Amino acid sequence: VGTTTGFRVVSGNIMALPHSRRNNMTAPVRFDARSEAQHHFREIPHCYASMDRKPLMPYHPHAPRSRLALEDAPVPMKNASSIEFRDLHCVHNRRFVTTHKNDFTGEGVDLRSNPGMIAESTRVQRFLRAK
């Protein structure tokens with residue numbers, strides 16, 4: 001029914017000749033020379049979920065076309081103050097330093113057994129740490 005180009009007898013058996021294979025080779029895929037970062041951080045038009053005529057793009061769960069529209073950030077007035085109110089005596093340099101980082105000095109084991117000498121050296125260390 002048109003599924004073969006003809007028939008041939010091979011060693012007493014009738015065999016169908018298939019159609020010749022079509023060359024499905026199209027032009028080779030060209031390398032677009034974009035890195036993964038360039039692909040994900042490309043310049044895209046501003047899109048949101050309820051806009052009309054959104055540009056088509058492949059599905060991605062975090063695609064900007066699936067997000068709700070956001071209001072623009074408020075523009076500060078020209079005569080608005082830029083003064084920051086903060087406590088001058090509050091220092092946050094050592095805010096997240098742990099107790100271990102505060103107390104560990106890296107010294108070896110103290111082998112002295114005289115409690116008076118240990119107490120005196122501990123007193124000096126605490127005094128110097130409090131400075």
Side-chain angles (χ1 to χ4, degrees):
V1 187
T3 59
T4 65
T5 57
F7 298 97
R8 180 172 286 175
V9 177
V10 178
S11 62
N13 294 327
I14 299 175
M15 303 291 265
L17 294 174
H19 288 283
S20 61
R21 296 185 84 180
R22 291 185 185 168
N23 189 1
N24 291 339
M25 293 282 293
T26 57
V29 178
R30 300 183 125 232
F31 178 65
D32 61 355
R34 290 193 316 177
S35 69
E36 188 72 14
Q38 287 173 336
H39 170 70
H40 286 289
F41 295 101
R42 67 188 182 278
E43 194 71 33
I44 55 173
H46 179 68
C47 299
Y48 52 92
S50 62
M51 73 181 277
D52 297 330
R53 286 174 274 170
K54 293 181 275 195
L56 292 176
M57 58 181 63
Y59 173 76
H60 191 271
H62 304 300
R65 62 174 295 175
S66 302
R67 297 180 187 163
L68 297 175
L70 296 175
E71 295 180 9
D72 294 333
V75 178
M77 297 175 56
K78 287 190 175 185
N79 62 354
S81 174
S82 61
I83 297 173
E84 294 180 18
F85 294 100
R86 58 188 176 126
D87 186 11
L88 296 176
H89 304 289
C90 179
V91 180
H92 294 288
N93 292 348
R94 298 184 60 82
R95 182 176 180 182
F96 298 107
V97 176
T98 61
T99 306
H100 175 74
K101 283 185 180 178
N102 277 331
D103 296 332
F104 182 71
T105 57
E107 297 175 1
V109 177
D110 192 4
L111 300 175
R112 298 176 293 181
S113 60
N114 187 336
M117 293 177 71
I118 294 174
E120 180 61 29
S121 65
T122 304
R123 193 176 302 118
V124 170
Q125 286 176 356
R126 286 186 179 173
F127 173 75
L128 292 176
R129 196 180 314 139
K131 276 188 171 181

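All figures in this text were calculated on a predicted structure; none of them were measured in a lab. What you see below is based on every heavy atom in this structure, not just the backbone, and it leaves out hydrogens, waters and symmetry mates.
Cluster partners of Phe96 are absent, since no Ile, Leu, Val, Met, Phe, Trp or Tyr has side-chain heavy atoms less than 4.5 Å from it. Cluster note: Val75 groups with no other residue, as no ILVMFWY side-chain heavy atom lies under 4.5 Å from it. Side-chain heavy-atom separations under 4.5 angstrom define the hydrophobic clusters, and the remaining members of the one that includes Val109 are Leu111.
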Can you list, pair by pair, the side-chain donor-acceptor contacts under 3.5 Å of residues 51-63, counting residues two or more places apart and other chains?
{"unit_1": "Lys54", "atom_1": "NZ", "unit_2": "Ala49", "atom_2": "O", "d": "3.0"}
{"unit_1": "His60", "atom_1": "ND1", "unit_2": "His62", "atom_2": "N", "d": "3.1"}

Which side-chain N or O atoms in residues 7-16 pair as donor and acceptor under 3.5 Å with protein atoms at least two apart or in another chain?
none

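Pairs of residues two or more places apart, or lying in two chains, that qualify as salt bridge (Lys or Arg N to Asp or Glu O under 4.0 Å) and include a residue from residues 118-131 are Asp103-Arg129, Glu120-Arg123. Residue pairs meeting the ring-ring contact (aromatic ring centres under 6.0 Å, His included) criterion with at least one partner in residues 110-131, sequence neighbours excluded, are absent.
Open room surrounds CG on Asp72; 12 or fewer heavy atoms of other groups in view lie less than 6.0 Å from it.
By the side chain to side chain donor-acceptor pair (under 3.5 Å) test, His39 is found to be paired with Arg34, residues two or more places apart in sequence or in another chain being considered. For the side chain to side chain donor-acceptor pair (under 3.5 Å) test, residues two or more places apart in sequence or in another chain that qualify with Glu107 are Gln125. For Thr5, the side chain to side chain contact (heavy atoms under 4.5 Å, CB included) criterion is met by Leu17, His19, not counting sequence neighbours. With sequence neighbours left out, the salt bridge (charged side-chain N to carboxylate O under 4.0 Å, His left out) criterion links Asp110 to Arg112. Scanning for side chain to side chain donor-acceptor pair (under 3.5 Å) contacts around Glu71 gives an empty result, with sequence neighbours left out.
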